[in-house]
Amino acid sequence: MKKIVLSFCLILLGASVLSGCTKDEFLDQYNNIVQSAGSIALTGNSSLQGTKEKGIDDYTGSYTANYEDFSGTEYLFGGTSIKREAGKDLSIDCALEVTEGTAKVFWISGADEAVTLFETTGTYSDTITLPEGGNYIGIECENFTGNIELNIE
């Protein structure tokens, strides 16, 4: 994947030089490419256990799901934006009901270990500040029966 993005960036750089793009225009184009590549890591709508409504970008929106003995990981929101137009802060509101098994709502940033945001029946609300690079919010389930309502703005 990195080779494809690098090759694409080199082609873009060559085209930018030939077409007279400014540095800022080139960086904007590069950011768009990196963000598009980051969207690939998100779980596709047809593979999700619930229903996702996209917000202003891939980092925001809402997700509701009723799980029945589900084991797996769903990457719901996020991307690899270098410069996110809507800023670095995300407001997260979540309601989780665990009937059986386990479910963890997590945030993973770059090569860091995933941070568990929430994993018990109840509600969660917080604002996180995204560092540069890849950032994803998802849910990891093991024999999970229950439901989730997740809103990110």
Side-chain angles (χ1 to χ4, degrees), residues 1-65 67 70-96 102-120 122-142 144 148-153:
M1 176 70 143
K2 288 181 182 180
K3 288 181 181 182
I4 293 171
V5 171
L6 181 59
S7 297
F8 198 54
C9 290
L10 290 174
I11 291 169
L12 182 62
L13 175 62
S16 296
V17 169
L18 293 174
S19 67
C21 277
T22 67
K23 176 184 165 189
D24 288 338
E25 291 171 332
F26 172 76
L27 290 176
D28 286 342
Q29 290 177 5
Y30 177 72
N31 187 53
N32 290 338
I33 292 167
V34 170
Q35 180 60 40
S36 294
S39 297
I40 295 170
L42 296 174
T43 303
N45 285 340
S46 63
S47 298
L48 291 173
Q49 298 299 302
T51 304
K52 177 175 146 180
E53 299 215 12
K54 186 177 173 182
I56 59 171
D57 58 17
D58 288 333
Y59 293 84
T60 61
S62 63
Y63 180 69
T64 58
Y67 295 90
F70 176 72
S71 293
T73 301
E74 296 180 305
Y75 292 89
L76 303 170
F77 301 99
T80 55
S81 181
I82 295 168
K83 180 180 152 190
R84 184 171 174 259
E85 287 185 27
K88 294 183 176 192
D89 292 337
L90 289 180
S91 173
I92 302 170
D93 291 302
C94 182
L96 182 66
T102 62
K104 291 192 290 191
V105 177
F106 66 87
W107 167 32
I108 190 164
S109 179
D112 295 341
E113 293 288 322
V115 174
T116 299
L117 300 175
F118 192 56
E119 62 182 327
T120 59
T123 60
Y124 171 86
S125 184
D126 199 6
T127 298
I128 60 173
T129 301
L130 305 174
E132 303 288 328
N135 289 280
Y136 295 93
I137 295 172
I139 185 167
E140 181 181 333
C141 306
E142 186 67 39
F144 175 52
I148 186 172
E149 289 183 26
L150 178 63
N151 294 299
I152 301 179
E153 297 177 347

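The model shown is predicted, which means the values in this text are computed figures rather than measured ones.
In plain terms, the two heavy atoms of Ile56 and Arg84 that are nearest each other are CD1-NH2, 4.3 Å. The shortest heavy-atom contact between Ala103 and Ile139 is CB-CD1, 4.1 Å. Across all their heavy atoms, Gly50 and Ala65 have their closest contact at CA-CB, 3.5 Å. Of all non-hydrogen atoms in Glu74 and Ser47, the two that sit nearest each other are OE2-O, 4.0 Å. The nearest pair of heavy atoms linking Gly134 to Thr80 is CA-CG2, 3.8 Å. Contact detail for Tyr59 and Gly79: the closest heavy-atom pair is OH-C, 3.1 Å.
Formation of a donor-acceptor pair under 3.5 Å by the Ser109 side chain with backbone atoms of Asn135 is not found in this model. Tyr136 places no side-chain N or O within donor-acceptor distance of the main-chain N or O of Leu42, the cut-off being under 3.5 Å.
Here the rule is side-chain contact (heavy atoms from CB on, under 4.5 Å) with Ile137, and of Ile108, Val115, Ile128, Leu76 only Ile128 fits it. Each of Asp57, Ile92, Leu90, Leu150 was scored for a side-chain contact (heavy atoms from CB on, under 4.5 Å) with Phe77, with one residue passing: Leu150.
Residues meeting the ring-ring contact (aromatic ring centres under 6.0 Å, His included) test with Tyr63, sequence neighbours left out: none.
Shown here is Gln49, whose CD atom has more than 12 heavy atoms of other residues, nucleotides or ligands within 6.0 Å.
Considering NZ of Lys54 and OG of Ser62, their distance stands at 13.0 Å, rounded to 0.5 Å. To the nearest 0.5 Å, atoms CD1 (Ile152) and OG1 (Thr60) are separated by 8.0 Å. Here Glu149 contributes atom CD and Thr123 contributes atom OG1; the two are 11.0 Å apart, rounded to the nearest 0.5 Å.
Side chains of Lys52 and Asn45 form a contact here, defined as non-hydrogen atoms less than 4.5 Å apart. Between Leu117 and Tyr124, the closest side-chain pair of non-hydrogen atoms falls below 4.5 Å.
Counting only residues at least two apart or in different chains, salt bridge (charged side-chain N to carboxylate O under 4.0 Å, His left out) contacts with residues 127-140 comprise Lys88-Glu132.
The aromatic rings of Tyr67 and Phe144 sit tilted relative to each other, their planes meeting at an angle between 30° and 60°.
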